[in-house]
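Basis for what follows: all heavy atoms, side chains included, without hydrogens, waters or symmetry-related copies. Given the structure is predicted, the values throughout are model-derived calculations rather than measurements. Protein chains get the first letters and strands the later ones, always in sequence-line order, with residue 1 at the start of each.
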4 protein chains.
Amino acid sequence: MNIAAFPTKGERTRAHIVAAASGLFWRHSFHGVSVDLVAEAADVNKATVYRYFADKRDLALAVIRYNGEMTIAEVFEANFENLAEPQDCLAAIYRMVYGAHLGMQQDTGDLHGCPIVGLALELGQDMPEIREEAQRIFDQVEIYLSRIAAAAAARLNRDANAESQGRTLTQLLHGAFASARVASDPSRILDAGHASLELIGFPEKSILNKEQSGS
Amino acid sequence: MNIAAFPTKGERTRAHIVAAASGLFWRHSFHGVSVDLVAEAADVNKATVYRYFADKRDLALAVIRYNGEMTIAEVFEANFENLAEPQDCLAAIYRMVYGAHLGMQQDTGDLHGCPIVGLALELGQDMPEIREEAQRIFDQVEIYLSRIAAAAAARLNRDANAESQGRTLTQLLHGAFASARVASDPSRILDAGHASLELIGFPEKSILNKEQSGS
Amino acid sequence: MNIAAFPTKGERTRAHIVAAASGLFWRHSFHGVSVDLVAEAADVNKATVYRYFADKRDLALAVIRYNGEMTIAEVFEANFENLAEPQDCLAAIYRMVYGAHLGMQQDTGDLHGCPIVGLALELGQDMPEIREEAQRIFDQVEIYLSRIAAAAAARLNRDANAESQGRTLTQLLHGAFASARVASDPSRILDAGHASLELIGFPEKSILNKEQSGS
Amino acid sequence: MNIAAFPTKGERTRAHIVAAASGLFWRHSFHGVSVDLVAEAADVNKATVYRYFADKRDLALAVIRYNGEMTIAEVFEANFENLAEPQDCLAAIYRMVYGAHLGMQQDTGDLHGCPIVGLALELGQDMPEIREEAQRIFDQVEIYLSRIAAAAAARLNRDANAESQGRTLTQLLHGAFASARVASDPSRILDAGHASLELIGFPEKSILNKEQSGS
DNA sequence: AATGAATGAGGCTTCATTCAT
DNA sequence: CATGAATGAAGCCTCATTCAT
C-alpha cells in the first residue's frame, strides 16, 4: 500500500485502519478480533475507527476490498509483464505466494490461508456483500489465469479450452491456500504450482524452482 | 448420524448436541454462534452442553471430529466398493458432494463450503488442535484419492505418480468447495470433478454426468 | 409491592429490578440512568437484567406498567372505600399525593413529578407503547375522578357533567405534579387539591387540611 | 424567531443552534439527542456548537430560556392587547396553543407536550438551574393568568381570589399539555380551555370556539 | 441427568468533548 | 469564524461459564 497515495489525513488514517484490520482478520478471523484490538493495532482510538466505518461489518467489507486490490495489483498485475512466457508468469505468481507463506511462517509460526476466502467463508452466510465482493475478485483471478492458459496453449501450438483451464487453475490456487493452512506447510503451495504448470503443458519442475527475486 | 449407535441416553444427548453445533458452525462460523444458540438448537439446557463438553472449544473439537468421521464414512468409504472402476468411484464422490450442495442451496439458499476447512481456517491460529485434526482428516482423504489415482493409472496401463496426483486431487477438492461457496454456484463442484477425472486420465464428461442414484 | 406475591425466584428478581428501575427513572429520567446503575441498585448483575428484559426499552415498559398498577391500587382503589363522601375520597387522594411529596423532599431534597408522565413525555415520541400505556392509566384515573364528580353532584343534588369534570380533575392532577416539580414546592399539590374540591362543590379548605393518617 | 434581531453573524449562528436544539430536545428529550445531531440539524460543525456553548448543559439552559422568551412573547404578551375582554384574551391563548398542537400533529404525527416542562422534568434533578429557570417562566405565566382572572372578576363584578385562580389556571394549562401529549389528542387543549374559562366565570363554549385568526 | 438462575468479562457502538488547522 | 480529526469515557448488550437445585 502506497501510503503517500492518500492525500488527506483522514484518508491516511482510514487506510491505516484497514491495513491493521486486514492483518488481524487474516490471522484470527473476523469474529476473533475485537474492534478494540483493531484500534490498538492501528494506534488510533476506537471511536476513530467508527468515524471511518459505519460498523464492524463495514470494516470487513473495506478489508476484503483492500485484500482484493492488493492481490490483483501485486500478485497478478505485477507479474504479467512477461506474459510472452506464460509458464514463467505463472511460476512467478506461485513463487510470490510461496514466499509470502515462508515469511508468514517465520513471522507468526503459522500459515493463515487466503485472507479473501477466509472472510468469505466466515461471513458469507451472514454478510452476502462479503461473498459477492470475493466473487468479483476471484472472477478477475480466473480471467488472469485463463489468459495464462491461453498464452501457454498458443506458445505450445496446442488446442486447449483456456476458460475451463482458468477455472481449474483458480481452484488449484484455492486448494493451495487451503491445504497449506491445514497442513501448516508452505510446500503445498509449490505442489499446487507444479500441478498448475503441468496442467498448462509445462511439467518441468525447474520452472518454478528458479531462484527467487526480491520480496 | 446413526442415532441407534449410541446406547446410553447420555451418549445420545451428546451426539445430538454435536450434530446441532455442527450445522450451526457450518452456516455461521464458530464465533458467530453462541452456546445459547447451540443449546436451543439441540433442545437442551445450556448447562447440559457444559455437562458434555468442557468448554466451547471442546465442542468445536468434537464437531470437527464428527465432520471428519462423517465425511470419511459417507463420502469416501461408502464409494470405495467399486474401486475396480476408479473413474466411477471418483465420479460418485463428486456426484455426492454436488448433490449435497444442491440440497444446501434449496434448504438455506446458500452454500457453506467445507465445514472442516471452515473451522480450520477460522480457528487454526488460536486452536492448533483443530488444525491438526483437520490435517489428519485430509491426510486420509489424500490417501483415498491417491488410491484412486493409482488404480486409474493401473487401469490405463500408465505410469503415474499417484501420490502427487492424490495431493492435486485433494487440492482440487478444496478448490471445489471454496469456489462453489464464493460463487454460490454448485456447478463449480462439477467443474472440479471433471478436471479431476481428466487429471487421472478420464476426460469424458459423460462419466460424471451419469444419472444420480439415491439420496 | 408485595414481594411475597411472586412465587418463583425469577419472578421476585424481576420485580426487584422493576422496582429499582422505577425509582431511578423517576428521579433521573430514562436516558439519565444506565442499565449498569439499575443493576447495581437492584443488586443483581447486569446480565441478569437482560435475562428478564429484552432491552432497556422493555424495562421502561415494565416500569410504567408497574407505576400504573401501583398508582391505581394504592392511590385510587385504596381510597374508594368511602365514596359515600366523595369530597373525603378526593381529599384522601390529594393528601396521599401530598404526603408522598413531603417524603420525597425529605429523602432526596427534590420533587420528581409524576413518574408516569415523566416517562411518557421523555419517550412518547420514540416509544409509542410507552405513551399508549400511560394513556390507558390516565383513562382509568379519569374514570375514578369522574365517579367522584358524579357522586359529589348527587350528594349536593346538583346537575353536573361528571365526565367533563373528571377530565378537568385529571388535568388539575397533572398540573399539580408539574407545578410542584417545577416550583419544587409540595404545597402546589394542596393548591390543586383545593381547586379540585371547589370544582366539585366543596370549597371548604378544612376538608383537605384534616389530620393525616399514616403512610 | 426574528433572525434580523441578531446583528452579528456569531449571534445569528448561536440563535440558529438554539432553535435547532430546541426543536430536537422537544421531540426527543435532552438525553435522547446528541450534540452531533444538534450540529447536523443546525447545519454547523460540532466544534462550532462548542464555540457558543460551554457544554451540552449550557445549551439546555439556552434552550429553556429561548422557549421561555418565545412563550411569554408570542403566547402571552401578544394576546394581552385586549385585556378589556379577559375571556377573549384567555380564549386567544388557548386557541394559539391548540393551533400549535394541530400543526405539530400534522407535521410530525405526534404531540410533544410543553417543551419547558419537558426539560424541567427530565433534568430537574440533575440540573437545578433548569428547574429554576422553568420556575421563573411559570411564575410569569401565573402572573399573566392572575391578571386575567382579576380582570374577569372585575368585569363580572365578582369577588374572587385572583391569585389563587391564577395558580389554578396555570395548573390547568400544565394539565392541558400533559394530557394532550399522553392522549395524543389536541382536543384536550380545548377541554382545559373551556374549564379555564368556566373557572373565571365565562362558561359559554362559544367564546373559545370562535373562528381562528391566522398563524 | 438436567435445568433455571446468576455472573464477570468483554463486545460493539456512541457520547460529550477537545485539538490543530 | 469554522471545521475535520481525534479521543476517553461510558452506554447497551451478549458472551462463555458456573452454581444451586
Side-chain angles (χ1 to χ4, degrees), chain A residues 8-14 17 31-39 42-59, chain B residues 8-14 17 30-39 42-59, chain C residues 8-14 17 31-39 42-59, chain D residues 8-14 30-39 43-59:
Chain A
T8 75
K9 194 179 178 207
E11 275 168 327
R12 276 196 299 279
T13 302
R14 195 194 130 100
I17 294 168
H31 286 302
V33 172
S34 69
V35 176
D36 268 280
L37 192 58
V38 171
D43 211 35
V44 296
N45 186 276
K46 205 181 354 173
T48 299
V49 174
Y50 282 92
R51 207 180 128 70
Y52 294 99
F53 304 95
D55 51 24
K56 201 188 174 192
R57 298 154 65 97
D58 193 27
L59 180 56
Chain B
T8 75
K9 191 181 175 202
E11 276 168 325
R12 274 198 300 280
T13 302
R14 195 193 131 99
I17 294 169
F30 175 77
H31 284 303
V33 172
S34 69
V35 176
D36 268 284
L37 193 58
V38 171
D43 213 34
V44 298
N45 185 277
K46 199 178 7 171
T48 301
V49 174
Y50 282 91
R51 266 189 78 75
Y52 291 98
F53 304 95
D55 52 21
K56 202 188 173 193
R57 297 156 65 98
D58 192 28
L59 180 56
Chain C
T8 75
K9 194 177 178 210
E11 276 168 325
R12 275 198 298 281
T13 303
R14 195 194 131 102
I17 294 168
H31 286 302
V33 172
S34 70
V35 176
D36 270 277
L37 191 58
V38 170
D43 212 37
V44 296
N45 186 276
K46 204 184 352 176
T48 300
V49 174
Y50 283 93
R51 207 180 128 69
Y52 294 98
F53 304 95
D55 50 25
K56 202 188 173 192
R57 298 155 64 98
D58 193 28
L59 180 56
Chain D
T8 74
K9 192 181 174 201
E11 275 169 325
R12 275 198 300 280
T13 302
R14 195 193 131 99
F30 175 77
H31 285 303
V33 172
S34 68
V35 176
D36 267 285
L37 193 58
V38 170
D43 212 34
V44 297
N45 186 277
K46 200 179 4 172
T48 300
V49 174
Y50 281 91
R51 268 189 78 75
Y52 291 98
F53 304 95
D55 52 23
K56 202 189 173 192
R57 297 156 66 98
D58 192 27
L59 181 55

Secondary structure of DNA chain E in dot-bracket form (Watson-Crick or G-U wobble, distances below 3.5 Å, | marking inter-strand pairs): .||||||||||||||||||||
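- If you take CZ of D/R12 and P of F/dC1, they are 11 Å apart, rounded to a whole angstrom.
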Each nucleotide in nucleotides 16-21 of chain F should get exactly one letter: B, S or -. Can you fill that in based on protein heavy atoms under 4.0 Å? BBBB--
Under 3.5 Å donor-acceptor pairs involving side-chain atoms of residues 47-59 of chain B, not counting sequence neighbours:
| unit_1 | atom_1 | unit_2 | atom_2 | d |
| --- | --- | --- | --- | --- |
| B/D55 | OD1 | B/R57 | N | 3.3 |
| B/D55 | OD1 | B/D58 | N | 2.9 |
| B/K56 | NZ | B/F30 | O | 3.0 |
| B/K56 | NZ | B/V33 | O | 2.7 |
| B/D58 | OD2 | B/A54 | N | 3.0 |

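- Nucleotide E/dG4 holds its P atom 14 Å from the CD atom of C/E11, rounded to whole Å.
- If you check every strand for non-hydrogen atoms under 4.0 Å, A/Y52 touches sugar and phosphate atoms only.
- Atom OG of C/S34 sits about 8.5 Å away from atom NZ of C/K46, to the nearest 0.5 Å.
- When rounded to the nearest whole Å, the span between CD1 of A/I17 and P of E/dC12 equals 15 Å.
- Residue A/R51 contributes atom CZ, which lies 13 Å from atom P of F/dT3 at whole-angstrom precision.
- Note on D/T13: a side-chain N or O is less than 4.0 Å away from OP1 or OP2 of F/dA2.
- Rounded to whole Å, atom P of F/dA2 lies 14 Å from atom CZ of D/R14.
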